[in-house]
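For reference, the structure discussed in these notes is given below.
Because the structure is predicted, anything quoted here is derived from the model rather than measured. Just so it is clear, the values below take in all heavy atoms, side chains as well, and ignore hydrogens, waters and symmetry mates.
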Amino acid sequence: MPTTFLTPGGSDDLDNGVLLLLAPNEADGGDYYIMRGDGLESQLSFSTLGSLLDEYMEPYWVNGDYDTGTQKTVQALANRLCSIYGVTL
């Protein structure tokens, strides 16, 4: 069964979406995951996604500030996607 990732400009046919999954109530103090469709492989590597999480999510989530970490991560990801697609927010 195909998985649909949603992003501005993303499409099922191109498999060019991003999914950010948040699990703040996990027993270990919260967890998060990020995936991207294969259509973004050349523009948005797993290394780049990991760096975004390390820079914007982890410093806040480790202290239980889930809202700030999530907001900063989504904004950074949106900025990156806008750059890829040539659009502005």
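- Atom CG of residue Asn79 and atom OG1 of residue Thr88 lie 10.5 Å apart, to the nearest 0.5 angstrom.
- A distance of 7.0 Å separates CG in Leu20 from CG in Leu77, rounded to the nearest 0.5 Å.
- Side-chain contacts under 4.5 Å among hydrophobic residues (ILVMFWY), followed directly or transitively, place Leu21 together with Tyr33.
- Ile84 is not listed as a side-chain neighbour of Asn16, based on a closest heavy-atom distance of 4.5 Å or more.
- One finds the CD atom of Glu55 at 10.0 Å from the NZ atom of Lys72 (value rounded to the nearest 0.5 Å).
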Return a table of donor-acceptor pairs under 3.5 angstrom between the side chains of residues 44-51 and protein atoms on other chains or two or more places apart.
residue, atom, partner, partner atom, Å
Ser45, OG, Ser47, N, 3.4
Ser45, OG, Thr48, N, 3.0
Ser45, OG, Thr48, OG1, 3.0
Ser51, OG, Ser47, O, 3.1

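- Checked against side chain to side chain contact (heavy atoms under 4.5 Å, CB included), Ala76 has the following partners two or more places apart in sequence or in another chain: Leu52, Tyr56.
- Taking the side chain to side chain contact (heavy atoms under 4.5 Å, CB included) definition, one finds that Glu41 meets it with Arg36, sequence neighbours left out.
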Side chains of residues 57-68: which donor-acceptor pairs under 3.5 Å do they make with residues two or more places apart or in other chains?
residue, atom, partner, partner atom, Å
Glu58, OE1, Tyr32, OH, 2.2
Trp61, NE1, Tyr66, O, 3.3
Trp61, NE1, Thr70, OG1, 3.4
Asn63, ND2, Pro59, O, 3.2
Asp65, OD1, Thr68, N, 3.3
Asp65, OD1, Thr68, OG1, 3.0
Asp65, OD2, Thr68, OG1, 3.0
Tyr66, OH, Gly29, O, 2.6

